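Working notes, beginning with the structure itself.
Start at 1 and go down the list; that is how both ligands and their atoms are numbered. None of the values given here were measured: they were computed from a predicted structure.
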Amino acid sequence: MPKPAKRIAVTGAAGQINYSLLFRIANGDLLGKDQPIILQLQDLLQAQNAVHGVVMELADCAFPLLSNVVVTDNLKVAFKDADIAILVGARARSKGMERKDLLSVNAGIFAEQGRALNEVSSRDVKVLVVGNPANTNAYIAMQSAPDLPKKNFTSMLRLDYNRAISQLADKARKPVSSIDKLIVWGNHSPTMYPDFRFATAEGHLLTQLIDDDKWNRNVFIPTVSKRGTAIIQARGLSSAASASNAVIDHIRDWILGSNGKWVTMGVPSDGSYHIPEDIVYGVPVITEKGEYKRVQDLEIDTFSREKMDISLSELLEERNSIKLTLS
Ligand SMILES: NC(=O)c1ccc[n+]([C@@H]2O[C@H](COP(=O)([O-])OP(=O)(O)OC[C@H]3O[C@@H](n4cnc5c(N)ncnc54)[C@H](O)[C@@H]3O)[C@@H](O)[C@H]2O)c1
Ligand SMILES: O=C(O)C[C@H](O)C(=O)O
């Protein structure tokens, strides 16, 4: 007997991330090759023609797992009974902007999306916020959905985590798949802190394999945290295929499990690591059967505390600046 279809709501369906993401979801890369899906696609009224073009292309792939596609500009139609909601629809930044410059444009969008999720989605809906500034947008959506569990709202730091793994694998000359216990703390912004103090490759500590503090401070951390900008400068557009790949990794691990591996998700804080409750902050988690558990009680040294506090201050500032949107 085939499994019942899962409803996956995706906003910003006509955008560049979705031009890659929707095809991977429909191909079974997100939930496995035995899980039928219904795509519930939302974008603005003026983007509906473009979404219809994407839907024609989805049809032309004849994906066996894609049992239906809903297209709408109405959030309540898109989020109806959704099991998963991927919130991509938002303005992307262009050259010269920081992600937080998008806050005033995008905050209202995420409050509205949170309210619609609260009204119509599955009570277990798993929400991933991709649209920037992703952590604060996830916080806004969560606060706008008081009837849904807070733990179901997450933001994407998986792209930063994947970027960091790739840099480390290259430096240590180890396969990417061998690297575990990497963390990206904080905000998806230049203040994020990629931390490989605990990371291992084939059982060896990476700090021993690399043993180069200058590289860590002057190359590794800035390369990872400024990678989004480097891509915008090179492409003239923000990352899209790698962002959609990170969406797949984030949700697949959340739902199907990380098999004991540490992955980083932006999640509402429970107060651990001195992060005030509810602030959506990148932390190490292990995922199993649809739940994430924080990796607790890691030692935080002085350098790490400083870096983590800088990212926290930025998130607190962002939270203060959107109080009006929420009230
Ligand atoms: N968290 C991350 O790691 C990460 C990575 C890459 C991009 N992003 C962010 O993802 C977002 C989307 O990026 P993109 O490259 O696909 O952008 P894009 O401009 O190509 O597409 C955005 C889409 O969102 C739609 N949209 C705009 N306002 C909307 C609204 N109110 N409701 C629904 N849809 C709306 C637009 O019509 C468009 O189709 C941006 O905010 C970008 O900064 C985040
Ligand atoms: O940098 C951006 O604005 C896009 C995205 O957040 C990224 O990290 O590539």
Is R163 touching ligand 2 with its side chain, its backbone, both, or neither, if touching means heavy atoms under 4.0 Å apart?
side chain
Mode of D160 contact toward ligand 2 - side chain, backbone, both, neither (heavy atoms, under 4.0 Å)
neither
Measuring from [X]:[atom1] to [Y]:[atom2], what's the distance to the nearest 0.5 Å?
| X | Y | atom1 | atom2 | value |
| --- | --- | --- | --- | --- |
| L103 | I140 | CG | CD1 | 6.0 Å |
| E112 | T11 | CD | OG1 | 11.0 Å |
| N162 | H250 | CG | NE2 | 12.0 Å |

For the pair [X] (side chain) and [Y] (backbone), establish whether a donor and an acceptor sit closer than 3.5 Å, ignoring hydrogens and angles.
| X | Y | result |
| --- | --- | --- |
| S225 | I221 | yes |
| S121 | K80 | no |
| Q48 | D43 | yes |
| S244 | A241 | yes |

Which atoms of ligand 1 have any heavy atom of [X] under 4.0 Å away?
| X | answer |
| --- | --- |
| L159 | 3 (O), 5 (C) |
| G12 | 23 (C), 24 (O), 25 (C), 34 (N) |
| A243 | 5 (C), 6 (C) |
| Q42 | 32 (N), 33 (C), 34 (N) |
| A14 | 39 (O) |
| M156 | 1 (N), 2 (C), 3 (O) |
| S239 | 5 (C), 6 (C) |
| R91 | 40 (C), 41 (O) |

Determine whether L87 and L22 fall in the same hydrophobic cluster, where Ile, Leu, Val, Met, Phe, Trp and Tyr are linked whenever their side-chain heavy atoms lie under 4.5 Å apart.
no
Can the positive tip of R217 be found less than 6.0 Å from the middle of the six-membered ring of F303, inside 45° of the ring normal?
yes
W254 ring centre to K126 NZ or CZ under 6.0 Å, with the angle to the axis within 45°?
yes
Can you tell me the protein heavy atom closest to [atom] and the distance?
| atom | value |
| --- | --- |
| atom 8 (N) of ligand 1 | N132 ND2, 3.4 Å |
| atom 16 (O) of ligand 1 | I17 N, 3.1 Å |
| atom 20 (O) of ligand 1 | Q16 N, 2.9 Å |
| atom 11 (C) of ligand 1 | V88 O, 3.4 Å |
| atom 30 (C) of ligand 1 | L44 CD2, 3.4 Å |
| atom 17 (O) of ligand 1 | A92 CB, 3.7 Å |
| atom 8 (O) of ligand 2 | R99 NH2, 2.7 Å |
| atom 2 (C) of ligand 1 | H188 NE2, 3.3 Å |
| atom 25 (C) of ligand 1 | D43 OD1, 3.3 Å |
| atom 3 (O) of ligand 2 | R93 NE, 2.5 Å |

Contact between I231 and ligand 2, counting heavy atoms under 4.0 Å?
no
Say whether R227 and ligand 2 are in contact under the criterion: heavy-atom distance to a ligand atom below 4.0 Å.
no
For residues F198 and E299, report the shortest heavy-atom separation together with the two atoms involved.
CZ-O, 3.5 Å
Are any of the N or O atoms of T229 closer than 3.5 Å to those of ligand 2?
no
Before accepting this row, confirm whether a basic side-chain N of the pair D253/R158 lies closer than 4.0 Å to the acidic partner's carboxylate O.
yes
Is the shortest side-chain N to carboxylate O distance from K171 to D212 below 4.0 Å?
yes
For H188, the ligand 2 atoms whose distance to one of its heavy atoms is below 4.0 Å:
5 (C), 6 (O), 7 (C), 8 (O)
Distance filter under 4.0 Å to S238 heavy atoms, resulting ligand 2 atoms
4 (C)
More than 12 heavy atoms of other groups within 6.0 Å of K33 NZ:
yes
Are F220 and F196 an aromatic pair, judged by ring center distance below 6.0 Å?
yes
Counting heavy atoms under 4.0 Å, the part of A90 that contacts ligand 1 is both
Return yes if a side-chain donor-acceptor contact under 3.5 Å exists between S311 and Y193, otherwise no.
no
Polar side chain donor-acceptor pair, D270 to S272, under 3.5 angstrom
yes
Below the 3.5 angstrom mark, is there an N/O of G15, backbone or side chain, next to an N/O of ligand 1?
yes
Can an N or O of V130 be found at a distance shorter than 3.5 Å from an N or O of ligand 1?
yes
From the candidates A134, A230, P133, S239, the one that places a heavy atom nearest atom 9 (O) of ligand 2
S239
